[in-house]
Amino acid sequence: MIQIEKLNQKYGGTQILWDLNLEVEQGSCTCIMGRNGVGKTTLLKCLMGLLPPSDGRILFEGKPIEGSAAQARAKLGIGYVPQGRDIFPLLTVEENLLIGLPARRDGLKKVPEKIFELFPVLRDMLHRRGGDLSGGQQQQLAIGRALVIDPKVLILDEPNEGIQPNIVRQIGDVVTRLNEEDGLTVILVEQKLGFARRVGKEFRLMQKGSVVAADRMANLDDGLIRQYLAV
Amino acid sequence: MKQLLLSGCLLFCLLLVSTTWAQSESAPAAVDGLLQQLTEASLREVGSVVEQLERTGGESMRPLFETMLAGDLYYHRQTGALMAVDKNAEGDRIGRDVFSGADLGVQSRRDIKKIRVNNRLRGQLRDTLARLDLRHGSTAEQRAAVLAILDELTEQNMRLLQRVADTDVNGELRELIGLAEAMVQLRDSSDRVVRIAAIETMSGRLENPVRNQLRRVVNDERESDAAVKAAAQKALDRIDGRMAFFGSMEQLFFGLSLGSVLLLAGIGLAITFGVMGVINMAHGEMIMLGAYTTYVIQQLMPNAIEYSLLVAVPAAFLVSGSVGVAIERGVIRHLQGRPLETLLATFGISLILQQAVRSIFSPLNMQVVTPAWMSGSLQINPVFSITFNRFYILLFALAVFISLVMILKKSSLGLNVRAVSQNRNMAKAMGVRTELVDAMTFGLGSGIAGVAGVALSQLTNVGPNLGQSYIIDSFMVVVFGGVGNLLGTLVGGFSLGVANKFLEPATGAVLANIIVLLCLILFIQKRPKGLFPQRGRAAE
Amino acid sequence: MRRDTAWPFLVPRRRSVDVSKQVILYLEDLNVSFDGFQALNNLNLYVNDGELRCLIGANGAGKTTLMDVITGKTQCDSGSAWFGQNIDLLAHDEAEIAQMGIGRKFQKPTVFEAHTVFHNLELSLQGSKGVWSALTAKLSSSERDRIDEVLKVIGLEKLRFQLAGALSHGQKQWLEIGMLLAAEPRLLLIDEPVAGMIAEEAERTAELLTSLAGKHTVIVVEHDMEFVRSIARTVTVLHQGSVLAEGTMDQVQNNPDVIEVYLGEEV
Amino acid sequence: MSAARKFWTSLFNLLTELRQPGRGSSWLVGILLITTIAMSAANLLLPADSPLYVSTYTITLMGKYLCFAMLAMAVDIIWGYCGILSLGHGAFFALGGYGMGMYLMRQIGDRGVYGNPDLPDFMVFLNWQELPWYWFGMDQFWFAVLMALAVPGLLAFVFGWLAFRSRVTGVYLSIMTQALTYALMLAFFRNEMGFGGNNGLTDFKDILGFDLQADGTRVALLLVTTLLLVIAFLSSRAIVQSRLGRVIVAVRDTEARARFLGYRTERYKVWLFVYSALIAAVAGMLYVPQVGIINPGEFSPLNSIEVVVWVAVGGRGTLYGAIVGALLVNYAKTRLTAIMPDAWLFALGALFVIVTVYLPSGLAGLLQRFGGQQNGKSASVEAERESSNKPSIGMREVNA
Amino acid sequence: AETIKVGVLHSLSGTMAISETTLKDTVLMMVDAQNRKGGLLGKKLEAVVVDPASDWPLFAEKARELLTKEKVDVIFGCWTSVSRKSVLPVVEELNGLMFYPVQYEGEESSKNVFYTGAAPNQQAIPAVDYLMSDLEVERWVLAGTDYVYPRTTNKILEAYLESRGVDKKDIMINYTPFGHSDWQSIVSDIKKFGSAGKNTAVVSTINGDANVPFYKELANQGISSEDIPVVAFSVGEEELSGIDTGPLVGHMAAWNYFQGIDSEANEYFVEQWKTFIGDEKRVTNDPMEATYIGFNMWAKAVEKAGTTEVDAVEQAMIGIEFPNLSGGVARMNKNHHLSKPVFIGEIQDDGQFEVVWETDGVVAGDAWSDFLPGSRDLIADWTAPIKCGNYNTEAQACGGQAE
Ligand SMILES: Nc1ncnc2c1ncn2[C@@H]1O[C@H](COP(=O)(O)OP(=O)(O)OP(=O)(O)O)[C@@H](O)[C@H]1O
Ligand SMILES: Nc1ncnc2c1ncn2[C@@H]1O[C@H](COP(=O)(O)OP(=O)(O)OP(=O)(O)O)[C@@H](O)[C@H]1O
Ligand SMILES: NC(N)=O
Ligand SMILES: [Mg+2]
Ligand SMILES: [Mg+2]
């Protein structure tokens with residue numbers, strides 16, 4: 001579904017991504033892991049079109065998208081939950097959700113019920129400002145918001161940062177459900193091994209801006225962890 | 001010699017006053033001589049000629065007086081014939097018989113000479129016409145005529161009034177005439193009871209002559225009757241009380257009207273600056289473009305000035321709006337995320353636009369005509385009136401405000417623009433076409449500024465500096481109200497306006513302005529985010 | 001009436017905190033509301049000197065708000081907050097509270113992005129924070145050593161001349177912890193230190209915090225239960241602005257209320 | 001050929017030098033000093049027909065530019081380093097100017113047109129009988145200078161203390177500074193104020209006994225201006241490079257963080273604001289004897305905005321950028337108003353637009369780009385600023 | 001020099017461009033015409049135009065530039081008094097020659113400046129005389145923009161009115177800032193002031209941009225010229241061209257020239273102007289005439305002196321006569337001010353004025369007002385033996401400006 005070939009990315013003078021290759025299958029749930037600062041967020045931003053890559057190709061369903069703008073990618077069906085959530089703080093929860101509607105391909109004019117089913121809190125909070133929500137609620141809102149555009153791929157950047165345990169679990173369940181029941185392709189950046197193991201089906205390990213290991217989650221062993229995830 | 005003759009004539013006429021009044025309908029031969037005199041008299045002398053014409057000619061002289069008052073009365077240099085002269089569309093001077101209206105054809109500029117009128121004469125002609133109106137005019141004209149006569153309660157005028165009162169007139173007119181009678185009684189009668197009754201009638205009336213007369217009575221040292229004096233004082237107090245009330249009504253209206261101007265000036269900025277965060281120094285020039293659009297529209301439709309403003313509003317929106325879009329696409333777009341740089345760029349743009357207007361239209365002010373329906377005022381009573389242009393502009397400002405709020409509330413643009421301004425990248429990632437939103441928003445804000453320009457063209461100069469005179473106020477209003485809050489702009493505009501106007505009588509315009517500014521500075525200490533701050537965690 | 005409430009100017013300006021009763025922080029009946037929303041609700045909390053206290057609780061329970069009140073950022077509607085026996089926190093502003101020895105790490109890492117890592121630490125060093133002394137300040141060699149030491153602890157030695165704005169999220173977390181260390185406060189308030197850190201780094205953080213306890217008093221807010229378990233002695237659970245439970249990790253973990261509102265069914 | 005290359009390399013080196021805060025600005029100081037001294041010498045020593053002769057016109061012009069440069073630097077210190085965008089710095093400049101103007105006015109003595117030994121002309125013909133109390137002592141140079149510093153300094157202190165204490169920031173602060181200068185403008189326009197109303201103070205004769213129209217006095221004024229500019233520059237640079245400077249930048253970027261580290265940020269802001277106001281006042285004091293007039297127009301908000309524009313053109317947060325920007329824009333203005341009097345606003349406006357769009361950090365940014373290859377760090381911050389949607393320095397909440 | 005350089009120092013941008021640009025064009029037209037006549041002293045004239053941008057210090061700088069860099073022989077320039085005050089020290093220092101074409105408050109006479117606009121006694125006093133005698137005005141509103149010209153003029157008028165027996169209570173004085181645009185309260189006050197039963201008039205020294213909103217407000221609040229006439233000293237044809245004059249008919253202005261004045265010279269001048277500027281609708285006004293007279297007098301003086309050298313031309317100027325556009329002859333007096341006729345015109349609905357009153361002959365411009373205590377005893381006389389701008393006839397000596 002997504003193929004990234006020889007992606008390079010620089011911030012000014014410093015190169016962050018180095019000839020990065022990555023392939024994500026349709027319907028998979030891929031977990032990207034790596035130490036702080038290896039470039040996970042950067043990679044996702046490139047994928048979403050929020051950072052222009054210096055060089056390389058990104059294919060979405062076989063078509064190159066590296067030149068297209070972020071809004072076009074959203075319309076193609078890439079949903080993005082950024083690190084730090086990036087809720088629109090002064091919009092109400094409802095407005096945060098409504099924003100994505102025009103990007104849907106089916107022209108639906110109201111927020112799909114499914115989202116409130118997945119995250120019942122959102123219904124209670126509908127008229128509060130997004131910025132006033134607590135962290136966990138914001139995280140749920142961010143995921144719900146990404147789902148509004150009816151994505152084919154859902155990108156989640158550390159969705160559990162600062163979230164209370166029971167909601168972490170709930171998010172995990174939702175992601176698994178979306179992936180398994182609805183066949184949604186999921187790309188997940190996650191630091192916590194437990195969660196990654198429970199939710200992810202595949203893993204990719206990153207080091208110094210490139211993907212250095214890729215396999216099924218079951219095969220993530222202590223050796224790899226020590227090599228790439230320890231300090 | 002001539003002088004002597006003239007005054008003799010005058011004396012004669014005065015003697016004949018009553019009789020001539022009765023028979024004035026048919027113009028006697030004496031009139032011809034007087035008309036002849038009209039062409040020869042100097043400005044000072046014309047007055048007495050007019051007086052005689054009124055006596056001899058009466059109502060039949062009305063067309064002459066009206067033509068004269070309008071400044072259209074000419075005479076032929078050779079023949080001495082009087083005529084009314086109008087200019088037609090080509091600028092030719094067309095002569096017309098004053099009395100019959102018969103066309104006398106095109107007149108050469110050199111052949112004819114104007115019968116000059118000055119202010120004094122115009123005043124006299126007005127009074128004359130008022131007297132004619134009193135007998136022959138419509139009710140409104142009669143009313144106006146009686147009011148005019150209150151100033152000049154001569155015996156002759158009183159007789160005139162009595163005659164009118166005898167005919168069948170409506171209650172208000174009768175009341176006014178009664179007032180006039182009371183004033184005469186107060187002045188002339190020696191009977192205390194009559195006088196006090198007269199004062200009773202006069203009490204609480206807001207007409208100027210009434211007040212002046214009462215004041216004269218109160219201040220008159222020779223007036224020995226203490227009871228009359230006291231009654232007059234009481235009546236005067238009552239009048240003053242009513243006047244004070246209407247005075248504050250007037251101030252309130254002035255304040256609201258100034259507020260509406262501030263609102264209009266600030267409202268476009270509330271979008272481009274308040275919502276988008278662009279420090280738009282070219283905002284004033286957007287207003288200016290709207291005003292110039294009004295001018296151009298009026299040039300294009302000189303025969304339909306009454307409707308020009310209706311056309312100008314959408315036109316100005318389009319003109320300023322497209323310039324706004326062009327600015328956004330050409331410049332602002334490159335300054336994404338650098339709101340302060342927009343200050344610099346738009347400052348540059350404002351210089352360019354000013355100079356462009358100077359080059360295209362000349363540095364002079366352009367003449368924008370006020371349509372008749374916006375001129376004049378609604379006279380609510382003799383001391384309180386509401387000027388139409390201010391009133392319509394007040395309504396217009398509210399209408400613009402409401403439509404803007406509607407656009408932002410009801411369309412997706414409003415939501416999108418807020419999302420974009422809060423987090424551009426995330427908006428992109430949600431599929432919002434941020435560039436389109438930016439262009440539309442900036443266009444909307446600029447377009448609204450243009451619309452404001454149409455309104456302001458009715459109040460002030462349409463010139464290259466128009467924008468600069470409003471830019472400071474605009475920012476002040478938006479910030480005072482709370483950046484990003486449209487309602488704040490509304491409340492801010494009106495409260496600044498009203499505060500200014502209530503201070504002004506006590507302090508004068510400049511000090512009022514200074515005091516308001518200082519209060520604003522102190523107010524911001526109390527509420528560092530304006531009247532209506534954005535709340536919540538995110539606003540910190 | 002207390003001397004300092006009646007005549008505040010009689011009180012010497014810089015005081016060290018009096019912990020003769022072993023308690024360094026008294027929070028009593030705190031109430032905070034935002035636009036009618038009760039974020040803290042009659043909250044009572046006491047923290048002993050030298051303790052390492054973990055504060056957990058659902059998102060929105062009021063943990064960050066509590067820290068805001070302690071550090072002077074948020075005004076509370078009612079209640080009292082005392083630092084030791086002698087300092088009324090509610091009567092001071094942020095800067096004064098910080099100077100008295102309360103340091104804080106924000107939930108969202110907050111560092112001086114336009115400064116290098118080194119300068120971030122330099123600005124955090126303990127010492128006079130006045131305008132004049134800042135103008136004349138010179139870095140002494142002991143201060144320099146202190147910074148080096150901190151850099152080593154937070155693992156950013158190599159990035160010492162990097163601008164902080166260019167650090168990744170996790171690196172900023174570390175830097176902010178480093179800034180706290182450099183300031184050497186009596187009381188450290190640490191809001192979600194290991195969010196976004198990998199397991200091993202979380203362990204290192206845990207070690208660090210444990211080692212700080214004793215000499216300093218530490219209050220940690222964290223949602224990562226593994227981390228909490230690894231450091232916790234006493235755990236306080238907040239719920240809807242008040243204390244729901246307090247005790248050792250085991251007690252708390254088995255408290256059915258806590259399981260219901262926070263931990264979820266199985267641990 | 002090789003000479004040209006040499007020239008370009010040395011220019012390049014110079015520009016790279018300038019990027020470094022320390023050494024580069026020493027260059028600037030040197031250039032400034034040498035240029036003005038050379039100009040002064042050329043004016044005083046060379047005969048008027050020599051090709052190298054520098055006219056008094058140029059000397060005066062240069063003096064004026066340098067005053068503006070000083071004003072721009074004052075704005076840059078608070079805007080570039082502390083994020084306080086003052087749209088009212090003209091007020092401090094003008095107050096300084098009025099202080100000096102009052103002194104110069106009193107120096108006229110009975111040489112005014114009415115020959116009144118005490119009252120300035122404008123008071124005589126408006127029928128004032130005696131000098132208002134606030135004019136007393138202004139005939140003493142030291143007192144006038146003291147007042148010219150104390151009044152704007154105090155105003156800055158009071159305004160800053162009020163504003164920063166109640167945490168007025170961003171656009172709110174900017175617009176309040178604008179309101180301040182606007183209110184002062186209106187006040188000084190009032191003839192009742194006793195400062196000559198719209199006409200202001202003019203027709204000065206001499207300063208400290210030296211004839212203001214003499215070449216020597218003008219040259220001396222230029223040299224004093226340069227010297228004070230250099231001193232102000234060096235002291236500002238010292239401040240910016242000290243820990244104080246770092247605290248200020250920290251306050252600019254994350255004020256809350258700085259507060260939680262124990263810095264009383266409002267005090268830092270107040271003192272910096274006062275310092276900056278004092279520099280502006282000094283600039284105003286030097287400006288008045290050189291241009292020969294001070295009137296309320298100097299308080300006009302548009303003037304203050306223009307100063308901000310100079311800083312932005314030069315590149316804010318660099319100090320030398322402000323100086324360069326002020327010199328460049330004002331030189332452009334002088335030339336363009338003479339070369340193309342009907343169209344110079346087009347050119348100036350276009351300059352502003354182009355600089356902003358193509359030189360995001362002003363001319364200083366251009367210099368930085370010159371050396372960008374060698375040093376990636378600063379450029380990467382730049383890139384981040386451009387790519388992220390974070391509001392930039394200063395009025396942060398505009399985007400909030 | 002190859003050519004004779006004529007400096008033009010009028011604002012082409014900023015707030016004053018509205019008025020001053022016209023004068024720049026007038027000078028260019030005069031230079032053009034002179035060159036077509038063969039120039040002066042056998043040399044062509046060359047105009048040097050700069051833009052001081054309504055920025056007063058910039059006026060001084062530009063004046064210096066014209067005199068030292070461009071080495072112009074004469075400057076035509078300035079409109080506001082403050083710009084003139086700013087330029088004055090420069091032209092005096094560099095011994096330049098400047099012609100100032102705008103009506104002003106007086107109280108000045110410089111060796112290097114010729115004042116071709118009206119002094120207060122050539123505008124204000126006659127206007128008030130007219131109102132008193134012909135319109136029998138008893139109550140006075142003196143409304144002005146808050147700067148030195150209106151302040152001085154009103155001071156003079158106040159003194160004058162009081163000397164004519166007007167009670168202080170019957171004088172209302174009001175000042176507003178430049179560009180004042182909200183006249184509601186003030187007009188309402190004027191209305192109230194005028195409702196006391198005595199004839200009331202407004203003497204307006206309101207400047208430039210503030211006039212349009214002022215007159216609009218007057219019209220809308222229903223104050224007609226018969227109720228309360230306004231006589232203005234700063235409103236000419238040019239200002240009226242930006243106003244819808246319909247409702248203003250009958251309000252007045254006092255000037256030394258009106259476009260509508262019937263004379264051959266004027267007809268020619270108006271034609272010449274319209275052709276030069278290429279716009280049939282453009283109007284002429286008093287400062288243009290002042291520029292016209294000033295320029296022609298300067299040309300005559302240069303011919304007479306045979307040089308453009310400032311001191312020679314300055315002496316040659318005194319006593320020069322030149323036909324003014326309204327028919328008579330203007331004369332340059334020893335005090336560097338002109339003798340000119342004074343007209344009162346009423347506004348017509350076509351934006352022109354119709355003369356309703358004029359002085360019998362010319363009135364000599366008085367540099368120092370006879371109605372101000374400080375200047376009553378001063379005169380200006382630039383001929384030997386006095387040769388100074390502020391000669392005190394009591395003390396028999398020159399004031400501070402003595403050379
Ligand atoms: N705006 C920026 N400018 C310069 N360098 C940056 C910028 N953002 C990130 N970097 C650098 O790029 C590298 C990768 O950053 P990125 O945010 O992609 O890391 P990450 O893998 O997501 O880390 P984390 O787990 O901490 O979120 C880091 O070393 C960081 O210092
Ligand atoms: N400034 C504010 N305005 C409005 N509501 C606020 C504000 N600050 C906090 N709140 C509300 O107060 C409640 C408590 O917030 P707080 O940040 O203290 O929670 P928390 O316990 O730190 O949660 P988390 O674990 O997600 O960080 C939340 O519901 C939040 O929405
Ligand atoms: N001289 C004038 N009108 O300013
Ligand atoms: Mg990341
Ligand atoms: Mg929290």
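Quick note on labels: first sequence line is chain A, next is B, and so on, each numbered from 1. None of these values were measured; they are calculated from a predicted model.
Nearest approach of E:Ala196 to B:Asn212, heavy atoms of both residues: C-ND2, 3.2 Å. Listed here is the closest heavy atom pair of E:Thr245 and B:Gln367: N-NE2, 4.3 Å. Scanning all heavy atoms of the two residues, the minimum distance from B:Asn118 to E:Tyr130 falls at ND2-OH, 3.7 Å. The two residues E:Ile18 and B:Pro363 have their closest heavy-atom pair at CG1-O, 2.9 Å.
Contact annotation: the side chain of B:Thr370 approaches that of E:Lys216 to within less than 4.5 Å [non-hydrogen atoms, C-beta and beyond]. Side-chain contact check for E:Asp182 versus B:Lys501: some heavy-atom pair is nearer than 4.5 Å. The shortest distance between side-chain heavy atoms of E:Ser195 and B:Arg211 falls below 4.5 Å. By the 4.5 Å heavy-atom criterion applied to side chains, E:Pro213 and B:Thr460 are counted as neighbours. Considering only heavy atoms from C-beta on, B:Asn465 comes within 4.5 Å of E:Asp209 through its side chain. The closest side-chain heavy-atom distance from B:Arg358 to E:Ser13 is below 4.5 Å.
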TODO: Mind running side-chain contact (heavy atoms from CB on, under 4.5 Å) on B:Phe254 and E:Val187 for me, showing each step along the way?
DONE: CA-CA 11 Å; B:Phe254 290 165; E:Val187 167; over 6 Å; no

TODO: Output, in order, the C-alpha distance, side-chain angles, deciding distance and verdict of side-chain contact (heavy atoms from CB on, under 4.5 Å) for E:Glu226 and B:Gln124.
DONE: CA-CA 9 Å; E:Glu226 294 107 72; B:Gln124 189 190 343; over 6 Å; no

Open item on the list: Run B:Asn119 and E:Asp134 through side-chain contact (heavy atoms from CB on, under 4.5 Å) and show every step you take.
Closed with: CA-CA 10 Å; B:Asn119 274 312; E:Asp134 281 40; over 6 Å; no

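With B:Asn461 contributing its side chain and E:Ala210 its backbone, the two residues share no donor-acceptor pair below 3.5 Å. Not one N or O on the side chain of E:Asn220 forms a donor-acceptor pair closer than 3.5 Å with the backbone of B:Thr387.
Using a 4.0 Å cut-off between charged nitrogen and carboxylate oxygen, E:Asp227 and B:Arg126 do not count as a salt-bridge pair.
Of the atoms belonging to E:Gln221, heavy atoms from both backbone and side chain fall under 4.5 Å from chain B. Proximity to chain E (any heavy atom under 4.5 Å) is shown, for B:Ser375, by both the backbone and the side chain. In this structure, chain E has a heavy atom under 4.5 Å from the backbone of B:Ser457, while its side chain stays farther away. Interface remark: B:Gln355 contributes side-chain atoms only to the contact with chain E (heavy atom separation under 4.5 Å). Both the backbone and the side chain of B:Leu258 come within contact range of chain E, each with at least one heavy atom under 4.5 Å from a heavy atom of that chain. Proximity to chain E (any heavy atom under 4.5 Å) is shown, for B:Arg120, by both the backbone and the side chain. For B:Phe384, no part sits under 4.5 Å from any heavy atom of chain E, backbone or side chain. The parts of E:Ile186 that come within reach of chain B are both its backbone and its side chain, each placing non-hydrogen atoms under 4.5 angstrom from that chain. Heavy-atom distances place no part of E:Glu20 under 4.5 Å from chain B, backbone and side chain included.
Rounded to the nearest 0.5 Å, atoms CG (E:Asp189) and CD (B:Glu504) are 8.0 Å apart. Note that the OG atom of E:Ser224 and the CZ atom of B:Arg122 stand 8.5 Å from one another [nearest 0.5 Å]. Note that OG of E:Ser19 and CG of B:Asn365 are 8.5 Å apart. Values are rounded to the nearest 0.5 Å. Here CH2 of E:Trp183 is found 14.0 Å from CG of B:Leu459. Values are rounded to the nearest 0.5 Å. Atom CZ in B:Phe253 sits 11.5 Å away from atom OG in E:Ser188 (nearest 0.5 Å).
For residues 347-359 of chain E, the interface with chain B (any heavy-atom pair closer than 4.5 Å) comprises E:Gln348, E:Glu354, E:Val355, E:Val356, sorted by residue number. Residues of residues 273-286 of chain E having a heavy atom under 4.5 Å from any heavy atom of chain B, listed by number: E:Lys281, E:Arg282.
Among the candidates B:Gln354, B:Glu250, B:Arg216, B:Met243, the residue making the largest number of heavy-atom pairs closer than 4.5 Å to chain E is B:Glu250. The most heavy-atom pairs under 4.5 Å with chain B, out of E:Gly179, E:Ser225, E:Gly197, come from E:Ser225. Highest contact tally toward chain B, considering only E:Ser181, E:Ser241, E:Ala219, is held by E:Ser241 [criterion: heavy-atom pairs under 4.5 Å]. The greatest number of non-hydrogen atom pairs below 4.5 Å with chain E, out of B:Leu466, B:Val462, B:Val261, B:Asn389, is found for B:Asn389.
Crowding of E:Asp262 atom CG: a count of heavy atoms from other residues, nucleotides or ligands under 6.0 Å not exceeding 12. Within a 6.0 Å radius of CG in E:Asp360, no more than 12 heavy atoms belonging to other residues, nucleotides or ligands are found.
B:Ser257 and E:Gln184 form a side-chain donor-acceptor contact under 3.5 Å, judged by distance and modelled atom types alone.
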